Amino acid sequence: MIQGTYYKEWSRMLGRDMEFKVYGHAGTPVLALPARGGRFYDWENNGMPDAIAPLLNEGKVQLFCADSIDAESLLAGDTAPRRRAEMQEKYFNYLTSELAPRILTLNGAKKDTLLWAVGVDTGAYQAVNCRLRRPEVFAGAIGLSGLYDVRRFLGNAADDLVLRNAPLAYLAEDGLVDKKLLAKAEENTLLLCAGQGSYEGDALVDTQAMADALTDCGLPVHLEVWGSDVSHNWYWWGKELNLFAARVFG
């Protein structure tokens with residue numbers, strides 16, 4: 001079993017300590033985001049580092065598993081939509097402006113190194129959101145069983161902060177993301193995957209919608225829809241990650 005190194009560090013953006021774990025010793029730095037309501041240790045507990053063990057052991061990938069604040073943002077159904085959106089924006093800024101530079105430092109990265117992001121379920125949305133909004137920080141993203149229609153969590157995208165965190169909505173607008181920069185990327189800088197099995201209904205619809213939205217903008221995307229045996233769980237996400245990580249980082 002791959003062993004990780006635990007960190008607990010103060011976030012000025014969130015006003016609290018945030019925990020994360022690091023796996024591997026060198027290679028492309030990859031930010032990993034958990035499923036909805038998830039924690040930083042979920043990736044380890046569900047065998048995700050083990051799924052890419054050869055890449056970690058060979059120093060081709062270094063995995064940084066972040067915590068979520070979903071209970072205060074996406075899943076805070078008892079608070080006002082605007083408040084949920086504010087917390088999601090703070091979390092996005094934590095990931096991209098605080099944790100990302102810290103990852104590069106821990107990775108010992110050369111100047112101008114870009115990160116990758118990978119996530120499952122709502123973590124896939126977070127990963128893709130990072131890539132689309134901050135392509136100068138994130139070279140690419142892998143979204144597994146992603147839930148990209150954030151209206152189900154944050155409400156109507158007419159709110160400016162909701163719109164800023166709603167990729168299916170902001171891709172249809174001009175000036176909210178750097179489409180010229182994103183369009184220069186290769187197909188395999190944004191990989192989306194969903195299955196057709198149990199509990200994959202919403203993820204399948206959202207993943208197809210995300211791929212269509214990117215294609216409509218002329219932005220590169222690689223979409224894979226796996227079979228009816230592929231369900232919404234860590235077992236399949238591990239298999240998907242193993243395949244895609246080897247393709248991108250191997």
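This one's a predicted model, so the numbers in the text were calculated from it and none came from an experiment.
L243 and F249 fall within the same hydrophobic cluster, defined by Ile, Leu, Val, Met, Phe, Trp and Tyr side-chain heavy atoms under 4.5 Å apart, directly or through other members. Transitive grouping of hydrophobic side chains (ILVMFWY, heavy atoms separated by less than 4.5 Å) keeps L33 and V248 in distinct clusters. V118 and I2 fall within the same hydrophobic cluster, where Ile, Leu, Val, Met, Phe, Trp and Tyr residues are linked whenever their side-chain heavy atoms come under 4.5 Å apart, directly or through other members. A chain of hydrophobic side-chain contacts below 4.5 Å, direct or via other Ile, Leu, Val, Met, Phe, Trp or Tyr residues, connects Y148 to L163.
Residues I69 and M87 are in side-chain contact: their nearest non-hydrogen atoms beyond the backbone lie under 4.5 Å apart. Looking at heavy atoms from C-beta onward, Y94 lies in side-chain contact with M18 at the 4.5 angstrom threshold. A heavy-atom distance below 4.5 Å is found between the side chains of I103 and P29. In this structure the side chain of V30 never reaches within 4.5 angstrom of the side chain of F64, judged on heavy atoms. Counting only heavy atoms from C-beta outward, the side chains of M210 and L171 approach each other to under 4.5 Å. When side chains are defined from C-beta on, F244 does not count as touching L192, because their heavy atoms never get closer than 4.5 Å. Between Q62 and L55, the closest side-chain pair of non-hydrogen atoms is not below 4.5 Å. Counting heavy atoms from C-beta outward, R36 and L147 have side chains that approach closer than 4.5 Å.
The distance from atom OG1 of T207 to atom CG of D149, rounded to the nearest 0.5 Å, is 11.5 Å. Note: D206 CG to T122 OG1 = 11.5 Å, rounded to the nearest 0.5 Å. We find the CG-CG distance between N233 and D121 to be 11.5 Å, quoted to the nearest 0.5 Å. Between L168 atom CG and Y125 atom OH the span is 10.0 Å, to the nearest 0.5 Å. From L219, atom CG reaches atom NZ of K184 across 13.0 Å, with rounding to the nearest 0.5 Å. The line from SG of C193 to NE2 of H222 is 8.0 Å long, rounded to the nearest 0.5 Å.
Between R84 and D70, none of the side-chain N atoms (NZ, or NE/NH1/NH2) sits under 4.0 Å from a carboxylate O, so this pair counts as no salt bridge. Ion pairing of E224 with R247 is present here, as a side-chain N (NZ or NE/NH1/NH2) and a carboxylate O approach within less than 4.0 Å. A salt bridge links R82 with D160: at least one charged nitrogen is closer than 4.0 Å to a carboxylate oxygen.
Checking each of W236, Y199, W226, W237 against S145 for a side chain to side chain donor-acceptor pair (under 3.5 Å) leaves exactly one that passes, namely W237.
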Applying side-chain contact (heavy atoms from CB on, under 4.5 Å) to T96 and F138, what does each step give before you reach the verdict?
CA-CA 9 Å; T96 59; F138 290 88; 3.7 Å; yes
Between L214 and L223, is the side-chain contact (heavy atoms from CB on, under 4.5 Å) condition met? List the steps.
CA-CA 11 Å; L214 290 160; L223 169 66; over 6 Å; no
Stepwise side-chain contact (heavy atoms from CB on, under 4.5 Å) check, Y41 with D67
CA-CA 8 Å; Y41 47 71; D67 221 346; over 6 Å; no
Could you go through the side-chain contact (heavy atoms from CB on, under 4.5 Å) check for S68 and Y91 one step at a time?
CA-CA 8 Å; S68 81; Y91 181 64; 4.2 Å; yes
Quiz: residues 9-16 side-chain donor-acceptor pairs under 3.5 angstrom, not counting sequence neighbours:
| unit_1 | atom_1 | unit_2 | atom_2 | d |
| --- | --- | --- | --- | --- |
| E9 | OE1 | R102 | NE | 2.9 |
| E9 | OE2 | R102 | NE | 3.0 |
| E9 | OE2 | R102 | NH2 | 2.8 |
| S11 | OG | M13 | N | 3.3 |
| S11 | OG | L14 | N | 3.0 |
| S11 | OG | E98 | OE1 | 2.6 |
| R16 | NE | L14 | O | 3.4 |
| R16 | NH1 | E72 | OE1 | 3.4 |
| R16 | NH1 | E72 | OE2 | 2.5 |
| R16 | NH2 | E72 | OE1 | 2.9 |

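Looking at T28 and W116, their side chains never bring a donor and an acceptor atom within 3.5 Å of each other.
A ring-ring contact (aromatic ring centres under 6.0 Å, His included) check over residues 18-37, counting only residues at least two apart or in different chains, returns the pairs Y7-F20.
Under a 3.5 Å cut-off, the side chain of T113 and the backbone N or O of K110 do form a donor-acceptor pair. Here the side chain of D178 pairs a donor or acceptor atom with the backbone of L181 at under 3.5 angstrom. Using modelled atom types, no side-chain atom of N57 and backbone atom of P54 make a donor-acceptor pair closer than 3.5 Å. When atom types are taken as modelled, the side chain of N242 and the backbone of G238 share no donor-acceptor pair closer than 3.5 angstrom. One N or O on the side chain of N107 and one on the backbone of G27 form a donor-acceptor pair closer than 3.5 Å.
Of all the heavy atoms in A127 and G119, the pair that sits closest is CB-N, 3.8 Å. The shortest heavy-atom contact between S73 and L154 is O-CD2, 4.4 Å.
Residues passing the side-chain hydrogen bond (donor to acceptor under 3.5 Å, both in side chains) test with N165, sequence neighbours excluded: Q88, E89, N129, R133.
Taking the six-membered ring wherever Trp is involved, the centroid distance between the rings of F40 and Y6 falls below 6.0 Å.
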